[in-house]
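Below: one structure, written as structure tokens.
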Amino acid sequence: MSQRRKFIKKSLLGSLVAIPTISHALPRINFSAKKIDGPLILSTWNHGIPANAAAIEKFKETGSILDAVETGVKDTELDMDNLSVGLQGLPDREGITTLDASIMTGDGSCGSVAFVRQVKHPISLARAVMEKTPHVMLAGEGARQFAIAQGFPLEKEELSPKAQKAYDEWKKTSKYKPVINIENHDTIGMIGMDGQGNLAGSCTTSGLAYKMHGRVGDSPIIGAGLYVDNEVGAATATGLGESIIRICGSFLIVELMRQGRSPQEACEEAVKRLISKNRKDIDSIQAGFLAINKDGEVGAFAVQPGFNFAKATLASNDLIDSRSHF
Ligand code: SD4
């Protein structure tokens, strides 16, 4: 063995002994592991109501929380009235609609696609990345090639009538300014838990309207737009992706819950952090978080007022206004 390799081996062994593992270093909450009754599904915004309904139906059929969160957001991916999710979403500056999506289960399995074109259900493509490749994320042309190889049909690349009209209007000035809460902030993020404490989540979007070609937001970034951990809970995000990526928003919330915060406290702390890291533009930024912990407690909070979410069980499906902003 060379001197260098001996040195590396020695120092690695040394550091293994010297550094305590994170789980010992941080305070940890002990969840009561109380069993919630049946599935609990949460989704961002009011399109979460039909999405949750579809998720619950799927859950009744297969009993799988992963199937539920995939099927639920597929409903939104097909919603022709939604201009922020799916191929009917508003395009980028070049007039091309590109999609981002991610999916994750509580054991750490995850998959995502970014900057993908012509695929009607990017969430299913993200699931295929998770289940059929050794990777976590595929982007752009590679994601499209993978879709073809997996038998996903490619859709004709044309804007929906609503998106075309909006794009034609936008081109008159070609000014990009994020608009709070309407039309360009409608990503669906869905998180859910079955009766055994198994968690899963999904997130899908066409991203910000009139973004630069190639821009990718938080939704396909594991830890930013979505994070799920069976030991703790799950979180998802909506809003201006850049502000969410800067703070690894969903991962931050799960880690705060691991240290003992309730989902509501964790969402509020994440919003505080987001504000502190995005001070310059904060008046024009909307970003919202939704979280659940293993005990079935729920939290939601956003930078600006107006954020709502849908919460469904086998017996109910309600739209809830997020607790008011700071
Ligand atoms: C993004 N978070 O791409 C997404 C946008 C969004 O509703 O939430 N749209 O930044």
Side-chain angles (χ1 to χ4, degrees), residues 42-48 51 73 75-77 79 81-93 96-104 112-117 122-123 126 137 139-140 143 162-163 166 176-191 201-227 235-253 267 270-271 274 277-278 281-282 284-291 300-304 306-310 322:
L42 306 169
S43 302
T44 55
W45 304 112
N46 48 6
H47 50 221
V73 302
D75 182 87
T76 323
E77 287 178 341
D79 176 359
D81 290 329
N82 188 316
L83 296 183
S84 303
V85 180
L87 290 175
Q88 65 282 1
L90 294 171
D92 64 17
R93 290 172 190 197
I96 299 167
T97 303
T98 67
L99 307 178
D100 296 340
S102 64
I103 196 158
M104 185 166 193
S112 75
V113 290
F115 187 46
V116 66
R117 292 158 72 161
I123 197 64
M137 185 174 199
K162 276 190 180 172
Y176 176 68
K177 195 169 186 308
V179 181
I180 290 168
N181 269 351
I182 50 165
E183 298 211 319
N184 65 351
H185 283 288
D186 281 323
T187 297
I188 182 149
M190 177 180 280
I191 46 181
S202 57
C203 191
T204 178
T205 188
S206 54
L208 291 184
Y210 320 127
K211 60 196 175 185
M212 287 175 73
H213 189 60
R215 180 265 187 191
V216 170
D218 60 305
S219 306
I221 312 251
I222 299 298
L226 179 68
Y227 200 73
T236 189
T238 177
L240 187 68
E242 285 74 4
S243 69
I244 296 161
I245 294 172
R246 274 184 199 112
I247 63 156
C248 294
S250 294
F251 181 72
L252 173 64
I253 289 169
C267 288
V271 168
L274 187 147
K277 299 293 179 198
N278 293 275
D281 304 309
I282 201 65
S284 60
I285 292 177
Q286 173 62 310
F289 297 105
L290 184 57
F301 207 67
V303 177
Q304 313 281 351
F307 177 45
N308 56 20
F309 65 95
S322 124

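Counting starts at 1 for both ligands and their atoms, following the listed order. Please read all numbers here as calculations on a predicted model, not as lab measurements.
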In chain order, what residues pass the side-chain hydrogen bond (donor to acceptor under 3.5 Å, both in side chains) check against S43, with sequence neighbours excluded?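 N52.
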
What do you reckon, does K211 put a non-hydrogen atom under 4.0 Å from ligand 1?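 Outside the 4.0 Å threshold, so no.
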
Of the choices I221, I245, I244, T187, which has the non-hydrogen atom that lies closest to atom 8 (O) of ligand 1?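 Of the listed residues, T187 has the closest heavy atom.
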
Take F115 and R215 through the test side-chain contact (heavy atoms from CB on, under 4.5 Å) and record every step on the way to the result. CA-CA 7 Å; F115 187 46; R215 180 265 187 191; over 6 Å; no

Any side-chain to backbone donor/acceptor pair from D92 onto I96? Under 3.5 Å, distance only.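 Side chain of D92 to backbone of I96, a donor-acceptor pair under 3.5 Å: yes, one is there.
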
Ligand-side contact atoms (ligand 1) for residue partner [X], heavy atom cut-off under 4.0 Å:
X: S219; value: 2 (N), 4 (C)
X: G239; value: 1 (C), 2 (N), 4 (C), 5 (C), 6 (C), 8 (O), 10 (O)
X: G217; value: 3 (O)

Could you tell me if the side chain of T76 sits less than 4.5 Å from the side chain of T204, heavy atoms only?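 Side-chain contact under 4.5 Å: no.
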
Between I222 and S102, is any pair of side-chain heavy atoms under 4.5 Å apart?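 The answer is yes, as the side chains (C-beta and beyond) meet within the 4.5 Å cut-off.
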
Assess whether side chain to side chain donor-acceptor pair (under 3.5 Å) is satisfied between T205 and T187, documenting all intermediate values. CA-CA 5 Å; T205 188; T187 297; 2.9 Å; yes

Are any of the N or O atoms of [X] closer than 3.5 Å to those of ligand 1?
X: R215; answer: yes
X: D218; answer: yes
X: G207; answer: no
X: S84; answer: no
X: L240; answer: no

Residues forming a side chain to side chain contact (heavy atoms under 4.5 Å, CB included) with S250, sequence neighbours excluded: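 Checked S250 against side chain to side chain contact (heavy atoms under 4.5 Å, CB included); matches are Y227, A235, A237.
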
Once you restrict to heavy atoms under 4.0 Å, what part of A237 touches ligand 1? Side chain, backbone, both or neither.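 It is neither part, as no heavy atom is under 4.0 Å.
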
Looking at T238, L240, V303, which one forms a side-chain contact (heavy atoms from CB on, under 4.5 Å) with Q286?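 When side-chain contact (heavy atoms from CB on, under 4.5 Å) is applied between Q286 and each of T238, L240, V303, only V303 qualifies.
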
